[in-house]
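Notes follow the structure.
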Amino acid sequence: ERSLCNDKTNGLTLCFQDWNVTWYTPHPDLTQCFQHTVLVWFPCFYLWVCAPFYCLYLRFYDNGHISISSLCCAKTGLCLCLAFFGFLEMVYLLVERSRDIESHMVFLLSPIIRSLTMILAVLVIHLERLKGFRSSIFLFLFWTLAVICSLVPLRANIQAIIDEGFSADAMRFVAFFTFFSLQLAQLILSCFADQRPATLKPAFVKVQLVKGYRSPLKAEDLWSLREEDTSEKIICDLEKEWAKQWAKMQQKLHKEQSSGFCLLRTLAKNFGPYFLTGTLYLVIQDVFMFSIPQVLSLLLGFVRDEDAPLWKGYVFAFLMVLLSCLQSLFNHQYMYTCFTVGMRVKTAVMGLVYRKSLVINSAARRTCTVGEIVNLVSADTQKLMDFVVYFNAVWVAPIEIALCLFFLWQRLGPSALAGIATVILIFPLNGFIAKMRSKLQVQMKYMDGRIKLMNEILSGIKILKFYAWENAFRERVLGYREKELNALKKSQILYSISIASFNSSTFLVDFTKIAFAMFGVYVLIDEKHVLDAEKVFVSMALINILKAPLSQLPFAMSTTMQALVSLKRLGKFLCQDELKLDSVERTPYHPGECICLPLFSDFPLRGSLVAVVGHVGSGKSSLLSAMLGEMEKKSGHVTVSGSVAYVPQQAWIQNATLKDNILFGCERKDSWYQKVLEACALLPDLEILPARDATEIGEKGLNLSGGQKQRVSLARAVYRKADIYLLDDPLSAVDAHVGQHIFEKVIGPNGVLKNKTRILVTHGLSFLPQADLILVMEDGEITEMGSYAELLSRKNTFADFVKAFSVSERKESATHRGNASIQTMEAISDTEQEQDQEEVGRLTQADKAHTGRVKLEMYVDYFRTIGLAFIIPIIFLYAFQQAASLTYNYWLSLWADDPVVNGTQVNTDLKLGVFGALGFAQGIAVFGTTVAISLGGIIASRHLHLDLVNNVLHSPMSFFESTPSGNLLNRFSKEIDAIDCMIPDGLKMMLGYVFKLLEVCIIVLMATPFAGVIVLPLTLLYAFIQSFYVATSCQLRRLESVSRSPIYTHFNETVQGVSVIRAFGEQSRFILLANSRVDHNQTSYFPRFVATRWLAVNLEFLGNLLVLAAAILSVMGRSTLSPGIVGLAVSHSLQVTGILSWIVRAWTDVENNIVSVERVKEYAETTKEAPWTIEDSPLPSDWPRSGSIGFQEYGLQYRRGLDWALKEISLSVNEREKVGIVGRTGAGKSSLALGIFRILEAAKGKIFIDGINIAEVGLHELRSRITIIPQDPVLFSGSLRMNLDPFDGYTDEEVWRALELAHLKNFVSGLPDKLNHECSEGGENLSLGQRQLVCLARALLRKTKILVLDEATAAVDLETDNLIQSTIRTQFEDCTVLTIAHRLNTIMDYTRVIVMDRGHITEMDSPSNLISQRGQFYRMCREAGLV
């Protein structure tokens, strides 16, 4: 009978020390006691130690309950069988082997421990089932360890059967094989997932990839984020921490300098612990990475030693592959952790910026434009994500470099110092280049400027088209772009120098300089130094490891520098001054006073109507802002009792349905809703909206007229049922009769707000007698206060003001209600009539994701833009670079195999010279390829950006109404950035790796031709996995791009309407909206990077099969192969795992980013307006000379299929004639102006100016020769002079003369910079009236023969209005003037008045004749109190 241990006296010691049994033998084995103790206990020890921690983890995660399934029953049954076997073995040992057991009680422990462990495994299986865990990595690892540890006894038992026969110990053999089979069955079962609990969503990656491969993914195929990745969870925790940091910063003097650091500290506190787990994976990965060269050394030693037993070669080969696989697993687990943290950081920062934009005060808002805020959440958050991914390289890379040099010192002795010297040289040069490149980060500044300008162009596109200013602004955009590209070009050339100097690229280019320095010094300092295969290829493997940290370090440092700049920018924004909550003391509503300012102390405001009057810029709007807490309080106090509703001077309309704009987050109550619509005169508008109140309103209310926007804004406030109403001139933009209706039904003593406190800023004198209190403002002070009668009796400023502009107070309610219309509405065509309401009312086109793989023509377009002259040299340079690399490596293997004669190798100087020359040639080729691709990329991006700008500026107005500005801004920022940097970088990487892979395959096939049998199927499998992944990845990238646009659109909208959002107290609802949009974007981003990790792990395992093939074939053919060629083949095959993943990653990056080309070129196919100029046009240079206008059966439609906006208009306007155009809202007044300027093209008929058909004239030739003073006064950021004359076509004297005539000379003279006064975005640092006067100054400067005034006096007080009218009468006396009038008194002295109704001219004659005819014009005059 066999004893349990070979040496009973000292058996346990021999368990671990009998190397004659385990190593120094042709038939290795482990000692019996090792097999019965350590191999049995190790898996059990793992389960018992980890189980308590795993149970604790399960306690905090509950995914629901899984009912008992057949899989669960099978696992439980097998575990119980294994436990039973353990007890049987214990009984067998006690009965049959009692004498052996007395000496070694330790053997009795093994079956007991094993049985108890199986019972613990059963408990874990059922605990996981109760917690809803479908599969268990914890138990999978346990069964894997158990099967691996049983492989040695399995081999021993098979060997025993061969040596002794089965009958020698049949019982033991049967028991062992049964036990092993049960363990193996458990391992197989643990690979399968149990059924899904009802509450759990499917696991993503494989299912999603299969779905994405079969058909293009859609947004609804994606699953929602995990709770810990949602905005609400992330920002909730972060906000508290940031609030503490912000409170501390308020006490510091230099808070702006420390703000970036504080933000970093806050992010580190919140995301640091999870990030550190990733760092642990990185450290473990490094341990495996440095073990591989040591095993390669053993393998090459084995090839050199002809007496070594063959099994050792196989062990080394398998060990090398195992270490490579483990390195891959831990590396990708680290990358997964980093990307997850990066995603959370991005979500957190976006959330903080959004919340901050809701609370910054007006002074801070002037310094942070909408474009800059959008750039913070697009570009800067991306920089922070990159920082998270690459930050560890900053400290890990130097440690990896030190370890590499330590192991090289072991191989080459002091010669490794040559490598150290080379590295020391690399750092300062790379540092210097990095510093120079960081100085070139000014491209960010130019990009900011370009995006900001584009945002303004898109906001004011209608004005640009009216004035024909597109070219001036196009040149400004291209000026920024040119500076941006010049900075980028310099940066890329410096980067190429950095790469070429030391080949420190990520393109797996060998570090020729370090290898040359080390081997050169090694052979030169002592002729007895011999370069054999082990020294050469282990050193090369270490130098290959050195590549990653040396290439990552400059990149990581540069990313860190960029991230610090971004942190500073974000910190600066997050530290902007906020609105002080104590500016206004808010108290709960109680009867009595609602607003208390010291001025009003003796006046009971509850339920009263307070009117605020004064000239332009006297501070009326500022008074309301003070009540809302929007102004900085210097002294005194404001108390507001109850809720507030606010109607701003310029209506802020959301890109949502009309209904959503009115409800504004409130619950719909039908009866009240209908009452509000009726009171605000919106019912007629609903009749002609395609889907009534379900019609979508474009961004900034693009498809509503000014009056409709103001009425929607008012309806929003009225629907609120607030206690206090602050109304900032809501009646200015509406027609007189509509204004009268609204005053009576809403604001006046009998309106729906009669019991509320109303503070009304107004220019309309007719409403003042009904006000309970009137405040007269001048230069920011209230100069008079009292009722209408009181103020008149005082005979002060107010009395003079009224006397000058008073009109009769006779009023009659309108007998006809005019039909409302939409300004430029995208609505139903004939085929759409039967669609549901939601579809019918849709206006804006959501950003659509293309589906399927990127079309080949996109690549062709991109490369065609670069040009063949660049592409052919690039391919040639890459081929040359890789040929040099292959020759250089092969030369090294020949050198390593050189025979040693008398302890030396011959011709070392020659070999070293050739080696150095090949390395130098490679460096030159690398520089050439990187520069060529970078310059080619810049050429392509310049053309693509130019085309995009041209396509957008040539688009008609309908395009801007249906395309959200967020979509367009996304093209100009993110997509252009991808074309600038990402595509060239991806191409560099992909070409570099493809050629490197070719080189590796040639080397492996040279060494072991049989490897070709494995290379071919691996290539096919690789191609399959790659196509499988790229299909899904591209679609996810598109979905992510598409879901990014709404974030920017929402940010844009929020910043513009922040005062309304704050006044209504809707911040929390808007925050939830922003959260949902960010989450929706991350829903497609998260699976994209998880899929990338899935791909990388699969590919690296494929690559490891090639390593295995090369190593095993080298071991098998060691009699015919030299150590040099084996070292060359195996060390190169080790690089394949990295090369394969980088190729697919680079390929995917290129394909993902070529989507940007697709999205930028999208707008080339949209409809364009007519040409701006017509060559060889016979148009006289002084056209129009007289200014006569003729309409010939002119008809206009906003879109085919819609009702006619103008119907067969025939009309002639003589030169120098002054024509007023009047009519109800929607009668077609503005359509006439749009037709004259060809903003809309004629559907039928013609318009002639001075006898020339305007349809035959270039758009710019037409628009630059006639002038409009538009309804909305739009200014652009830049100097006041640029706003008046962007082409610099007039002298300063002419500009000053125009300002003087526009009554702005005194104001502009008083400014410190005069004409160079910087206007803020949208001209917000000027009052609305002043902006209107700037528009008048533009008209005076152009002084064309035809002037169109489109409701231009709507926002101006009566005195300013009088000034404007007198200026127009005197300065445009010899011009033809068409005025679209609201205030009928302005056109009473005109030559003719045209009355329009529903697209027809109903009346046309002189004002006096029309009044005497007592028709529609007479009725309108009577309503306005003029007759």
Side-chain angles (χ1 to χ4, degrees), residues 260-261 264 267 282 335 338-339 341-342 345-346 375 378-401 423-448 484-507 509 511 546-570 926-927 930-931 933-934 937-938 977-978 980-989 992 1142 1145-1146 1149 1153:
F261 177 68
L264 182 61
L267 293 170
L282 179 64
M335 293 300 281
C338 281
F339 275 107
V341 173
V345 165
K346 184 176 180 179
N375 224 7
S378 59
D380 290 300
T381 51
Q382 188 59 47
K383 297 273 186 291
L384 285 190
M385 279 183 78
D386 295 343
F387 168 69
V388 170
V389 175
Y390 295 103
F391 168 68
N392 271 329
V394 173
W395 66 271
V396 169
I399 295 170
E400 288 176 346
I401 292 166
V423 172
I424 288 168
L425 273 174
I426 284 174
F427 276 114
L429 188 70
N430 265 347
F432 174 68
I433 290 173
K435 193 174 178 184
M436 284 182 73
R437 287 187 74 207
S438 72
K439 280 182 185 170
L440 291 168
Q441 283 302 311
V442 289
Q443 84 181 71
M444 284 290 287
K445 187 177 78 181
Y446 298 132
M447 183 181 165
D448 272 0
E484 189 184 345
L485 288 179
N486 283 336
L488 186 66
K489 192 188 292 180
K490 287 174 190 166
S491 177
Q492 289 295 344
I493 289 171
L494 282 171
Y495 184 52
S496 303
I497 293 169
S498 162
I499 287 171
S501 308
F502 302 101
N503 296 346
S504 59
S505 74
T506 48
F507 312 158
V509 174
F511 269 25
L546 194 59
K547 260 187 252 170
L550 276 180
S551 60
Q552 278 176 5
L553 193 60
F555 184 68
M557 286 166 77
S558 145
T559 307
T560 306
M561 294 311 292
Q562 287 178 13
L564 290 175
V565 171
S566 290
L567 276 168
K568 203 179 283 181
R569 280 157 56 94
L570 285 161
V926 170
F927 176 72
T930 46
V931 167
I933 287 187
S934 299
I938 286 170
D977 191 39
D980 282 352
C981 307
M982 306 287 198
I983 295 178
D985 287 353
L987 283 172
K988 282 179 210 169
M989 221 184 282
W1142 276 109
R1145 204 173 301 171
D1149 276 353
N1153 288 304

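Throughout, residue positions are numbered sequentially from 1 according to the sequence presented.
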Starting at CE of M989, measure out to CE of M982 and round the result to the nearest 0.5 Å. 10.0 Å
Got a second to check how far K489's NZ is from N486's CG, nearest 0.5 Å? 5.5 Å
Suppose we screen for side-chain hydrogen bond (donor to acceptor under 3.5 Å, both in side chains). Which residues come up paired with T560, at least two apart in sequence or across chains? none
What I want to find out is whether K383 reaches D386 closely enough, with some N-O distance under 4.0 Å, to be called a salt bridge. no
Closest contact, heavy atoms only, M335 versus V389: CE-CG1, 4.2 Å
Provide the closest heavy-atom pair for P984 versus G937 in the form atom of the first, atom of the second, distance. CG-CA, 3.8 Å
Distance in Å, E400 CD paired with W395 CH2, rounded so as to fall on 0.5 Å steps: 9.0 Å
Calculate, to the nearest 0.5 Å, the distance between atoms CD and CD1 belonging to E484 and I938 respectively. 10.5 Å
Return the minimal non-hydrogen interatomic distance between D380 and S566, and the atom names on each side. OD1-OG, 2.7 Å
What are the two closest heavy atoms between S378 and T381, and how far apart are they? O-OG1, 3.4 Å
Go through the structure and list residues passing side chain to side chain contact (heavy atoms under 4.5 Å, CB included) with L384, not counting sequence neighbours. L267, V345, V349, A563, L567, L570
Mind listing the closest non-hydrogen atom pair of A393 and L553 along with its distance? O-CD1, 3.6 Å
CG on L987 to OG1 on T930, rounded to 0.5 Å: 13.0 Å
Looking only at heavy atoms, which two atoms of T559 and F387 are closest? And how far apart? CG2-N, 3.6 Å
